[in-house]
Amino acid sequence: MWGDWHQLWHIVSVPDNVPIVALLFLVPFYTWYGFREAFAHDRLIGQLEADPQMAKTHHRKPYPYKTGWDKEVHVWPYLMRIEFLAAIILTVILMFWSITLNAPLEEPANPSLTMNPSKAPWYFLGLQEMLVYFDPWIAGVVMPSLIIVGLMAIPYIDANPLGNGYYTYKQRRFSIWAFLIGFLALWCVMIVVGTFIRGPGWQWFWPTQTWDHNRLEFAVNRNLHEIFGIQNRWIAAAFGGAVVGLYFVVAGYLMHRLCMLTEFSRKIYQRMTLLQIVTLHTLLILMLSLPAKMAVRLLFRIKYVLVTPWFNI
Amino acid sequence: MPEENGSGAGKRAGLLDTVKETVKQDLAGLKGVLAEKGKEELEALKEPEKTQLFRSIFRVKRDDTPRSRALSVLTNVFFHLHPAKINRDAVRYSYTWGMGGMSFYLFLVLTITGLLLMYYYHPTKAQAYRDILYLHHDVPFGQLLRNMHRWGAHLMIIAVWLHMLRVFLTGSYKRPREFNWCVGVILMVLTMLLSFTGYLLPDDQLGFWAVTVGTNMARATPLLGHEGPFGAQLGMTAFNDVRFALLGGSIVDANALLRAYIWHCIAIPLIASVFMGVHFWRVRKDGGISGPAPVMLESELKEEKKGPRPVILRPSGTR
């Protein structure tokens, strides 16, 4: 049933979902705020590049500055008053939130009464949502590990020395796109989907659609090799392995083309060592395997691409 | 006899007189001195910062000279995390969004509220849930305390994520701050683990099933989980795999509650504190916060220098 605003309110007003409602506003706001600064810097960079004389004398920040002004300010009071103010404001917000809204407490834990839907804490809902598309060993173990390793690898594979310590979009297009696809499009959107869209049985319920606990979904998901009529499981495994390998080759090649797209990115690409290039490509290909598998599942109803006796992908 | 008596009485009277006289003199002397001393004391009250007590605590003059301003930061154990001076544009909200500092402040709030909650909480199946009810209904401000702890935790996760977003967008992870970015990633993971381990503690349906869903994934760990790839081949069962180690059993039960409690209240906060110490220390040692730095142009790109990089001796953020 559509137009069930009560259902929507029921989801939005669950106390533990309030942070995600906040996230819906905070993440876009701060992304916009960062980009506003980035574009201000990009305009300045454009001016300085057009006018070498100006580049020699300009203080190179989009903020007001006059010769003779101090380049530094005292921490006491100029920084510390901001910190104290921030602490006070934050305390007021936290107090207000805590007085108006109670922390959730359900019935006592009962292993024989399964909650439906039973959801992980909201910050892990991205991983739980991934369970729809991947087996638990990928969604719950490999992907989180790759996220941590991938994040830690960023400084060592980003060979672009520009944009160090100031907002810019123009000078770091590739890395900003890569990060925002991961953080916004995959991590945050998946959390929002897991919170607001997924209902009983982890089925897809659009906002204002009533959560129907008896709804059944007749999804016929097949494995890739079954579509091609392969019966023997060893041949199927080899076939699936070949497809996964093909994905890596094709995605790797496309990534390579992407890195060669502009003259600037070619220049940065030249500076990278072989290890940096291989790591960068591997991590990005693995990250993009999530939307790739989602597309394969949603468009072609394919459950597994690679089926082996020990694990499936 | 009377004479003797008289002389005796005279003697006594003489002693009494002497004492009287002395006391009189002393009192007369005191009158002047007391008034003087009392006046001094009153005068001193007008300027408490000149008293010995005050000077023993705060050793720096409170005035607007640059020296005093710098010293008031450097001589205070709580403030000396800061440099004395910073980049004039670094105080702009649009640069840092204040997210790192807010994360740390929320950690402190969570430590204090968490400590207070520990006074009322037993990590046992019999009592955990009742303790929460007790907090809600009987402990003065108990509900408020629990709310602050819960919402503070959610806020901290959001603050940490936004901090990471800002550090990425400003390119602050670049040379020479690569290592501190890695420490930050670990701190972010620890923040989420802190929140996750706390989720089970009320011992209600919400926490129980969230932790069940979460730890069920550990079953599927490759090699180390009994349902993971090659787990069975390596002899993993539900009673010896990595999930068993996390829960102290094959189901989420009393042992899991105790383990979650110890991870949540002791182990992870300790580990996180160590990493936070390193994180803050490295912010200073890597040259203060990264900017806002002057923009660099594409035409100014130089060949990458190999070899060790110089230690920054003046960590105030200016180059």
Side-chain angles (χ1 to χ4, degrees), chain A residues 19 23 26 30 34 37 41 44-45 48-49 55 60-61 63 70-76 78-79 82-83 86-87 90 94 97-98 102-110 115 118 120-121 123-124 128 136-137 140-141 148 151-152 154-156 162-167 172 179 264 271 310-311, chain B residues 69 72-73 82 84-89 91 94 98 101-102 105 129 132 144 146-148 150-152 154 157-158 162 168-174 178 181-182 185 189 192 196 199 202-206 208-210 213-214 217 220-222 228-230 290-297 318:
Chain A
L23 206 68
L26 286 173
Y30 277 106
E37 282 283 303
H41 280 81
L44 176 68
I45 290 166
L48 295 180
E49 275 170 347
R60 298 198 165 204
K61 294 182 191 179
Y63 312 121
D70 285 337
K71 287 211 160 133
E72 291 183 325
V73 291
H74 276 285
V75 161
W76 176 266
Y78 298 108
L79 174 62
I82 298 174
E83 291 179 347
L90 200 56
L94 187 59
W97 188 358
S98 303
N102 282 338
L105 184 69
E106 306 263 339
E107 287 162 27
N110 185 353
M115 299 254 286
S118 60
Y123 37 85
F124 287 147
Q128 201 180 348
W137 68 276
V141 184
I148 297 168
L151 282 173
M152 302 222 291
I154 287 176
Y156 303 101
L162 297 182
N164 185 348
Y166 53 92
Y167 289 93
R172 296 177 56 211
F179 185 82
F264 177 66
R271 295 165 72 98
W310 313 283
F311 64 88
Chain B
R69 280 184 170 176
S72 60
V73 173
H82 298 95
K85 282 178 139 193
I86 49 161
N87 181 343
R88 66 174 295 122
D89 296 310
V91 294
S94 61
M102 283 195 232
Y105 178 68
Y129 189 79
I132 307 297
L144 180 70
R146 182 167 173 245
N147 292 350
M148 280 183 74
R150 181 94 173 192
W151 304 140
H154 286 337
I157 289 182
I158 295 176
L162 290 176
F168 185 87
L169 288 180
T170 54
S172 304
Y173 58 83
K174 297 185 179 194
E178 304 101 313
W181 165 270
C182 295
V185 171
V189 175
M192 296 207 278
F196 184 63
Y199 221 70
D203 197 29
D204 64 344
Q205 281 285 68
L206 195 66
F208 178 85
W209 287 104
V213 168
M217 296 207 192
T221 312
F230 306 108
S290 57
V295 299
M296 197 172 139
L297 302 183
T318 45

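At most 12 non-hydrogen atoms from other residues, nucleotides or ligands lie less than 6.0 angstrom from CD of A/E107.
Remark: side-chain polar atoms of A/Y166 are not paired, donor with acceptor, to backbone N or O of B/G171 under 3.5 angstrom.
The residue among B/S172, B/A84, B/G214 with the most heavy atom pairs within less than 4.5 Å of chain A is B/A84. Counting heavy-atom pairs closer than 4.5 Å to chain B, the top-ranked of the candidates A/P108, A/P136, A/P104 is A/P108. Ranked by heavy-atom pairs under 4.5 Å with chain B, the first of A/S118, A/G163, A/A109 is A/A109. Chosen from B/V91, B/T221, B/V295, the residue pairing most often with chain A at heavy-atom distances under 4.5 Å is B/V295. Listed options B/A210, B/P292, B/P229 were ranked by heavy-atom pairs under 4.5 angstrom with chain A; first place goes to B/P229. Ranked by heavy-atom pairs under 4.5 Å with chain A, the list B/V213, B/L144, B/D204 is led by B/D204. Per-residue counts of heavy-atom pairs under 4.5 Å with chain B were compared for A/N110, A/I45, A/L26; the largest is that of A/N110. Of the listed residues (B/I132, B/V189, B/V73, B/I157), the greatest number of heavy-atom pairs within a distance under 4.5 Å of chain A belongs to B/I157. Of the listed residues A/L44, A/D70, A/I82, the one with more heavy-atom pairs under 4.5 angstrom with chain B than any other is A/D70. The most heavy-atom pairs under 4.5 Å with chain B, out of A/W310, A/W97, A/F124, A/W76, come from A/W97.
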query = Given A/Y123 and B/I158, is the side-chain contact (heavy atoms from CB on, under 4.5 Å) satisfied, shown in steps?
reply = CA-CA 9 Å; A/Y123 37 85; B/I158 295 176; over 6 Å; no
key: Evaluation steps, side-chain contact (heavy atoms from CB on, under 4.5 Å), between B/W151 and A/L94   = CA-CA 7 Å; B/W151 304 140; A/L94 187 59; 4.0 Å; yes
inquiry  = Under the criterion side-chain contact (heavy atoms from CB on, under 4.5 Å), I'd like the reasoning laid out for B/L206 against A/M115: C-alpha separation, chi angles, the key distance, then a yes or no.
reply    = CA-CA 8 Å; B/L206 195 66; A/M115 299 254 286; 4.2 Å; yes
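When all heavy atoms of A/E106 and B/Q205 are compared, the pair lying nearest together is CB-CB, 3.9 Å. When every heavy atom of A/Y156 is checked against every heavy atom of B/C182, the shortest pair comes out as CE1-SG, 3.7 Å. When all heavy atoms of A/A55 and B/L297 are compared, the pair lying nearest together is CB-CD1, 4.1 Å. Looking at every heavy atom in both residues, B/N147 comes nearest to A/S98 through ND2-O, 2.8 Å. Here the closest non-hydrogen pair linking B/P222 and A/V141 is CD-CG1, 3.8 Å. The minimum heavy-atom distance between B/Y173 and A/R172, with the atom names listed, is OH-NH2, 3.0 Å.
Residue B/H154 touches chain A through both its backbone and its side chain, counting heavy-atom pairs closer than 4.5 Å. B/L162 touches chain A through its side chain: at least one heavy atom from C-beta onward sits under 4.5 Å away, while N, CA, C and O do not. With a 4.5 Å cut-off on non-hydrogen atoms, A/V73 touches chain B through its backbone and its side chain both. Looking at B/S94, both its backbone and its side chain come within 4.5 Å of chain A, counting heavy atoms on both sides. For a residue to count as touching a neighbouring chain, one of its non-hydrogen atoms must lie under 4.5 Å from one of that chain's; by this rule A/L105 touches chain B with backbone and side chain alike. Interface remark: B/Y129 contributes side-chain atoms only to the contact with chain A (heavy atom separation under 4.5 Å).
For the side-chain hydrogen bond (donor to acceptor under 3.5 Å, both in side chains) test, residues two or more places apart in sequence or in another chain that qualify with A/Y63 are A/E37.
To the nearest 0.5 Å, the span separating CD1 on A/I154 from NZ on B/K174 amounts to 11.0 Å. To the nearest 0.5 Å, atoms CD (A/Q128) and CE (B/M217) are separated by 6.0 Å. Taken from CG in B/N87 to CG in A/L79, the straight-line distance is 11.5 Å, to the nearest 0.5 Å. With rounding to the nearest 0.5 Å, the separation of NZ in A/K61 from CG in B/D89 is 4.0 Å.
Using bins of under 30°, 30° to 60° and over 60° for the plane-to-plane angle, the ring pair B/F168/A/F179 lands in the parallel bin.
Annotation: cation-pi geometry not satisfied between B/R88 and A/Y78 (NZ/CZ under 6.0 angstrom from ring centroid, within 45° of ring axis).
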